[in-house]
K.L.:
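This is the structure I have questions about; it appears just below.
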Amino acid sequence: MASERATHVRMTSTWPATAAEAIAVQEKLRGQVDPSDVGEAPRYVAGLDVAYAGNWAQGDRPAADRLAADRLAAAVVVLDWQTLEEVDRAVVLGETTFPYVPGLFAFREVPALLAALEQLTITPELLVCDGQGLAHPRRFGLACHLGVLTGIPAIGAAKTTFVGTHVELGRERGATAELIDSGEVVGAAVRTQDGVKPVYVSVGHRVSLPTAVERVLHLAPRYRLPETTRAADHLCREGLRDGQ
DNA sequence: GCGACAG
DNA sequence: ATCTTGTCGC
């Protein structure tokens with residue numbers, strides 16, 4: 001019970017309160033990102049996602065320096081890399097402590113996701129995040145943030161792009177195209193199923209881009225999104241629905 | 001200056 | 001992210 005309380009205390013004391021402070025945190029931590037492969041193929045892979053109770057359309061929040069207080073449910077689901085069967089799960093209910101600001105998205109979800117990760121019995125060797133990694137204005141998206149803070153290899157698998165453009169890619173599963181921003185390769189557009197819209201993959205921490213793409217394709221054998229993402233999405237919505 | 005803008 | 005019905009396709 002001590003651990004559950006501790007996470008809530010930490011997210012209110014050490015967390016940035018303004019956009020300027022948050023950007024400073026990103027600038028400070030970005031140098032810690034390791035974009036190379038560390039370790040072998042994972043045995044356990046985690047999918048992470050957050051669901052919100054509020055209804056804040058983009059633009060509804062004028063200032064970044066104002067606290068939002070949406071109810072949320074953060075979920076982490078651990079799957080066996082080989083069978084894609086679930087081996088562990090955790091859900092944490094709470095409130096956001098930061099408004100949604102493009103580029104500062106991680107500050108909305110990281111505290112709750114870290115709390116959920118602490119509830120796990122099995123430690124995952126790869127975090128598949130619902131958002132960008134290096135494909136970010138300051139090269140420090142959610143996947144980089146979670147990777148650096150936990151030390152666990154992480155990748156970003158987003159449904160849409162944030163920064164960067166790419167040429168058209170083949171229509172078949174497995175087709176890819178470099179995501180380029182300001183002349184830099186920041187990620188890849190990946191077709192995970194024939195004819196579906198691509199998934200945007202980028203490095204989070206301790207995993208190279210080619211490996212990140214391989215991981216996503218392995219985790220998405222049947223649907224557009226990785227099974228990890230799908231499982232976490234289902235779990236956080238369920239947690240929000242019948243949570244306290 | 002004017003839009004665009006992960007979830 | 002969230003609000004939302006039926007509907008086309010495998």
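Residue numbering restarts at 1 for every chain, and letters A, B, ... go by the order of the sequence lines.
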K.L.:
Could you go through the side chain to side chain donor-acceptor pair (under 3.5 Å) check for Q26(A) and R138(A) one step at a time?
P.N.:
CA-CA 7 Å; Q26(A) 293 181 325; R138(A) 287 172 294 281; 2.7 Å; yes

K.L.:
CD of Q193(A) versus C1' of dC10(C): gap in Å, rounded?
P.N.:
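After rounding, the reported distance stands at 12 Å.
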
K.L.:
Looking only at side-chain atoms of A51(A), point me to the closest of dT2(C), dG7(B), dA6(B).
P.N.:
dT2(C)

K.L.:
R108(A) CZ to dT2(C) C1': how many Å, rounded?
P.N.:
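Rounding to the nearest Å, CZ of R108(A) and C1' of dT2(C) are 11 Å apart.
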
K.L.:
The criterion is side-chain contact (heavy atoms from CB on, under 4.5 Å); which residues satisfy it with A90(A), sequence neighbours excluded?
P.N.:
Q119(A), L120(A)

K.L.:
Of the nucleotides dA1(C), dG7(B), dC5(B), which has the atom closest to the F105(A) side chain?
P.N.:
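Nearest to the side chain of F105(A) among the choices is dG7(B).
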
K.L.:
Take atom CZ of R230(A) and atom C1' of dG7(B), then tell me their distance rounded to the nearest Å.
P.N.:
18 Å

K.L.:
Could you check how far NE2 of H145(A) sits from C1' of dG7(B), rounded to whole Å?
P.N.:
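Going from H145(A) (NE2) to dG7(B) (C1'), I get 16 Å.
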
K.L.:
What is the distance from CD of Q132(A) to P of dA4(B), rounded to the nearest Å?
P.N.:
18 Å

K.L.:
Would Y100(A) count as stacking on dG7(B) if stacking means ring centres less than 5.5 angstrom apart and planes tilted under 30 degrees?
P.N.:
yes

K.L.:
Just to confirm, is there a sub-4.0 Å distance from OP1 or OP2 of dG7(B) to any side-chain nitrogen or oxygen of T160(A)?
P.N.:
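Affirmative; the distance criterion is met.
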
K.L.:
Using a 3.5 Å distance criterion without hydrogens, assess whether the side chain of E109(A) forms a donor-acceptor pair with backbone atoms of A74(A).
P.N.:
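Not at all, since once roles are kept as given, no pair shorter than 3.5 Å links the two residues.
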
K.L.:
Rounded to whole angstrom units, what separation is found between the CG atom of D233(A) and the P atom of dT2(C)?
P.N.:
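Rounding to the nearest Å, CG of D233(A) and P of dT2(C) are 8 Å apart.
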
K.L.:
How many whole angstroms separate atom CG of D181(A) from atom C1' of dA6(B)?
P.N.:
13 Å

K.L.:
Return the value, rounded to whole Å, for the distance between atom OH of Y52(A) and atom C1' of dC3(C).
P.N.:
17 Å

K.L.:
Within the distance-only criterion (no hydrogens, no angle test), does the side chain of R171(A) pair as donor or acceptor with the backbone N or O of D194(A) below 3.5 angstrom?
P.N.:
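It does not hold such a pair.
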
